[in-house]
2 protein chains.
Amino acid sequence: MSAAIDIDREEGLGFAPKFDASGLLTCVATDAADGAVLMVAHMNEEALRNTIATGEAWYYSRSRKALWRKGETSGQTQRVVEIRMDCDQDAVWIRVEQIGAACHTGRKSCFYRRIEGGEGGPHLVFADADRLFDPNAVYRK
Amino acid sequence: MSAAIDIDREEGLGFAPKFDASGLLTCVATDAADGAVLMVAHMNEEALRNTIATGEAWYYSRSRKALWRKGETSGQTQRVVEIRMDCDQDAVWIRVEQIGAACHTGRKSCFYRRIEGGEGGPHLVFADADRLFDPNAVYRK
């Protein structure tokens with residue numbers, strides 16, 4: 001890629017999302033109320049387009065290989081307050097109003113464990129790990 | 001992967017980072033002061049280990065194929081306040097005290113443009129786009 005194109009992509013106001021070899025970009029969703037990172041997921045072109053058009057978060061599931069409206073099964077939808085694009089246009093940040101919980105485990109955020117170092121090597125400690133719903137009840141139909 | 005292993009990885013307190021086929025996981029860095037997403041980058045095993053051990057952010061540059069201590073060229077280092085692991089252990093969230101600016105363009109955050117929809121299709125609008133340093137001065141040695 002030429003430097004001219006990079007400068008345009010970084011300094012311009014043209015919408016030019018740069019999808020990876022799998023047709024995806026990375027999306028970070030944060031809670032518009034408190035700034036917590038709720039989840040990191042992926043969007044394909046259609047998910048990004050739907051998110052911009054509808055004001056609700058859409059993603060692409062790499063494991064299910066499917067477009068996915070957040071909350072379509074669980075009811076835990078995300079209303080998008082703002083969408084930001086990063087410098088090289090291969091990642092987006094959405095600030096959302098999360099209905100219920102973002103994580104499939106039932107927690108508000110997927111990041112419910114802190115990494116701590118120590119003599120025996122790193123380990124995890126629960127943090128903000130209360131469940132807001134029972135995943136066995138929500139996903140078992 | 002068996003369900004038993006997934007449950008362990010998601011509900012346990014064992015540190016078991018899940019690197020992708022390229023040996024990387026995704027890292028989101030947010031400003032500990034105001035919650036803004038500063039950047040999205042990647043860590044390999046060594047970058048993650050160094051970050052945990054030193055309390056400074058290390059990444060792996062896919063373009064330069066090199067381990068990279070944030071700020072080693074620019075001086076714009078990140079002091080890590082907290083590291084969180086996500087549910088399936090393939091992404092980490094670090095809350096940092098950013099010295100100066102996180103973005104190589106000189107802005108505090110890489111996410112200095114808002115995506116807006118509209119009749120002519122999506123376009124970008126600058127938001128929090130003030131430069132804190134001149135990249136031409138900082139990176140030209």
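Since the structure is predicted, the reported quantities are computational estimates derived from the model, not experimental observations. Each chain gets a letter, A, B and so on, in the order the sequences are listed, and its residues count up from 1.
- Under the 4.5 Å side-chain contact rule for hydrophobic residues, B:Leu48 and B:Trp68 share a cluster.
- One hydrophobic cluster, built from ILVMFWY side chains closer than 4.5 Å, holds both B:Val80 and B:Leu38.
- Between chain B and the residues A:Val28, A:Asp90, A:Thr26, A:Asp88, the most heavy-atom pairs under 4.5 angstrom are made by A:Val28.
- With a threshold of 4.5 angstrom between heavy atoms, B:Ala53 does not approach chain A through any atom at all.
- For A:Ala29, the side chain to side chain contact (heavy atoms under 4.5 Å, CB included) partners at least two apart in sequence or on another chain are A:Met39, A:Tyr59, A:Gln78, A:Ile94.
- Transitive grouping of hydrophobic side chains (ILVMFWY, heavy atoms separated by less than 4.5 Å) brings B:Val40 and A:Val40 into a common cluster.
- Under a cut-off of 6.0 angstrom, the local environment of CZ in A:Arg131 is crowded, with over 12 non-hydrogen atoms contributed by other residues, nucleotides or ligands.
- Between chain B and the options A:Glu11, A:Glu116, A:Gln89, the largest number of non-hydrogen pairs under 4.5 Å is found for A:Glu11.
- Nearest approach of B:Thr105 to A:Cys87, heavy atoms of both residues: CG2-CB, 4.3 Å.
- With sequence neighbours left out, B:Arg79 forms a side chain to side chain contact (heavy atoms under 4.5 Å, CB included) with B:Val81, B:Glu97.
- Of the atoms belonging to A:Ala16, not a single heavy atom falls under 4.5 Å from chain B.
- In terms of heavy-atom pairs under 4.5 angstrom with chain A, the leader among B:Ala36, B:Cys103, B:Cys110, B:Gly35 is B:Cys110.
- A:Tyr112 approaches B:Arg84 most closely through the heavy-atom pair CA-NH1, 4.3 Å.
- When each of A:Phe15, A:Phe111, A:Trp93, A:Phe126 is checked for heavy-atom pairs under 4.5 Å with chain B, A:Phe111 comes out on top.
- Residues A:Val96 and A:Leu25 fall within the same hydrophobic cluster, defined by Ile, Leu, Val, Met, Phe, Trp and Tyr side chains chained together at heavy-atom separations under 4.5 Å.
- In this structure a side-chain-to-backbone donor-acceptor pair under 3.5 Å is present from B:Arg113 to A:Glu10.
- Looking at B:Val125, only its backbone comes within 4.5 Å of chain A, counting heavy atoms on both sides.
- No other option in A:Arg49, A:Arg95, A:His104 has as many heavy-atom pairs under 4.5 Å with chain B as A:His104.
- The contact between B:Arg107 and chain A is made entirely by side chain atoms (from C-beta outward), counting heavy-atom distances below 4.5 Å.
- Heavy-atom pairs under 4.5 Å with chain B were tallied for A:Ser109, A:Ala129, A:Gly118, A:Ala91; the largest tally goes to A:Ala91.
- Here the closest heavy-atom approach between residue A:Leu124 and residue B:Gly14 is recorded as CD1-O, 3.4 Å.
- Taking every heavy atom of both residues into account, A:Ile52 and B:Pro122 meet most closely at CD1-CG, 4.0 Å.
- Interface remark: of the candidates A:Asp31, A:Asp86, A:Val92, A:Thr30, A:Asp86 forms the most heavy-atom pairs closer than 4.5 Å to chain B.
- Of the possible donor and acceptor atoms, none in the side chain of B:Arg114 sits under 3.5 Å from a partner among the backbone N and O of A:Ile83.
- If you chain together hydrophobic residues whose side chains sit under 4.5 Å apart, B:Leu132 and B:Ile99 never meet in one group.
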